[in-house]
Amino acid sequence: MATSMIQKVLTSNAGIAALALRVPVGIIFAAHGAQKLFGWFGGYGLEGTGGWMDSIGLSPGIVMAFLAGAAEFFGGIALVLGLLTRPAALALSLAMVVAIVAVHLPNGLFMSNNGYEFGLALLAASVSLLFSGAGKASLDNLLAKRFN
């Protein structure tokens, strides 16, 4: 039973095309997570991001900043590697839904107004990877072969 579940999580018929989606989207997510967690790339780190999250009603802010940052950073790395892609894509999808609803939706679609278009694109990519899996060029594919 457990092996069957692992097989379902790891197995993908997506071919090589998923790699073209996974890598750039994973890099974007990892960079945004690093901003939240570590203050890299001009980010505010956990305390700064946590304070902002508190100010918009996502409390406790530091916990929410950690959860969002961890999902983005580690989920992004997982996408780049193609390792546990479906669970990572699920976590990233949930993070994007929260970001869209809590932050960007009232501003309309366009990024120029801090709208939700970028979050929506990342949500679409995450949902696509959730359904398709990592594809042939991935650690998931190698692990699926080992469990077979």
Side-chain angles (χ1 to χ4, degrees), residues 5-144:
M5 179 67 124
I6 292 169
Q7 279 294 117
K8 287 180 182 180
V9 169
L10 299 177
T11 301
S12 172
N13 295 321
I16 194 89
L19 180 67
L21 185 59
R22 278 192 359 252
V23 172
V25 170
I27 290 168
I28 291 166
F29 272 122
H32 280 265
Q35 287 179 313
K36 289 174 182 72
L37 292 176
F38 314 120
W40 298 351
F41 312 116
Y44 298 103
L46 269 180
E47 285 194 30
T49 305
W52 173 76
M53 286 191 167
D54 268 328
S55 79
I56 63 166
L58 292 174
S59 295
I62 199 138
V63 172
M64 298 303 278
F66 174 77
L67 291 172
E72 291 176 2
F73 183 72
F74 295 109
I77 290 170
L79 291 187
V80 170
L81 298 174
L83 178 63
L84 298 174
T85 300
R86 285 191 169 103
L90 177 60
L92 293 167
S93 295
L94 294 172
M96 288 299 92
V97 168
V98 171
I100 290 168
V101 171
V103 180
H104 302 290
L105 196 59
N107 302 318
L109 175 64
F110 297 104
M111 283 176 46
S112 59
N113 297 325
N114 196 30
Y116 59 89
E117 76 176 306
F118 187 59
L120 185 61
L122 291 175
L123 173 61
S126 299
V127 170
S128 176
L129 290 168
L130 177 60
F131 288 123
S132 73
K136 281 187 180 181
S138 67
L139 292 176
D140 283 353
N141 188 46
L142 290 174
L143 290 171

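When reading the values below, keep in mind they use all heavy atoms of this one structure, side chains included, and skip hydrogens, waters and symmetry mates. Every value quoted in this text rests on a predicted model; they were computed, and no experiment measured them.
- Taken from CD1 in Ile6 to CG in Asp140, the straight-line distance is 11.5 Å, to the nearest 0.5 Å.
- Counting heavy atoms from C-beta on, the side chains of Ile27 and Val23 come closer than 4.5 Å.
- Of all heavy-atom pairs between Lys36 and Ala65, the closest is CB-O, 4.3 Å.
- Here the straight-line distance linking atom CZ of Phe29 with atom CG of Leu122 works out to 4.5 Å at 0.5 Å rounding.
- A donor-acceptor pair is defined here as one N or O able to donate and one able to accept, closer than 3.5 Å; no such pair exists between the side chain of Glu72 and the backbone of Ala30.
- Gly133 and Ala18 make their closest contact through O-CB, 3.8 Å (heavy atoms, listed as atom of the first residue, atom of the second, distance).
- Of the candidates Leu142, Asn141, Leu84, Thr85, Leu10 forms a side chain to side chain contact (heavy atoms under 4.5 Å, CB included) with just one, namely Leu84.
- Residues passing the ring pair (Phe, Tyr, Trp, His ring centres under 6.0 Å) test with Phe73, sequence neighbours excluded: Phe38.
- Of all non-hydrogen atoms in Ser126 and Leu92, the two that sit nearest each other are OG-CB, 3.7 Å.
- Ser93 places a side-chain N or O within donor-acceptor distance of the main-chain N or O of Ala89, the cut-off being under 3.5 Å.
- To the nearest 0.5 Å, atom CD of residue Glu117 and atom CG of residue Asn107 are 12.0 Å apart.
- Scanning all heavy atoms of the two residues, the minimum distance from Gly82 to Ser138 falls at O-CB, 3.6 Å.
- The structure places CG of Leu67 at 9.0 Å from CE of Met53, a figure rounded to the nearest 0.5 Å.
- Between the Gln35 side chain and the Phe41 main chain, a donor and an acceptor come within less than 3.5 Å of each other.
- Under the 3.5 Å distance criterion, the side-chain polar atoms of Arg86 are matched with a main-chain donor or acceptor of Lys8.
- Distance CZ/Arg22 to OG/Ser132: 9.0 Å, rounded to 0.5 Å.
- Closest heavy-atom contact between Ala102 and Leu58: CB-CD1, 4.1 Å.
- Rounded to the nearest 0.5 angstrom, Tyr116 OH and Met96 CE are separated by 15.0 Å.
- At most 12 heavy atoms of other shown residues, nucleotides or ligands fall within 6.0 angstrom of atom CD in Glu47.
- Across all their heavy atoms, Ser59 and Asp54 have their closest contact at OG-OD1, 2.8 Å.
- Listed by chain and number, the residues in a side chain to side chain donor-acceptor pair (under 3.5 Å) with Asn114 are His104 (sequence neighbours excluded).
- For the pair Leu83 and Leu143, the minimum side-chain heavy-atom distance is below 4.5 Å.
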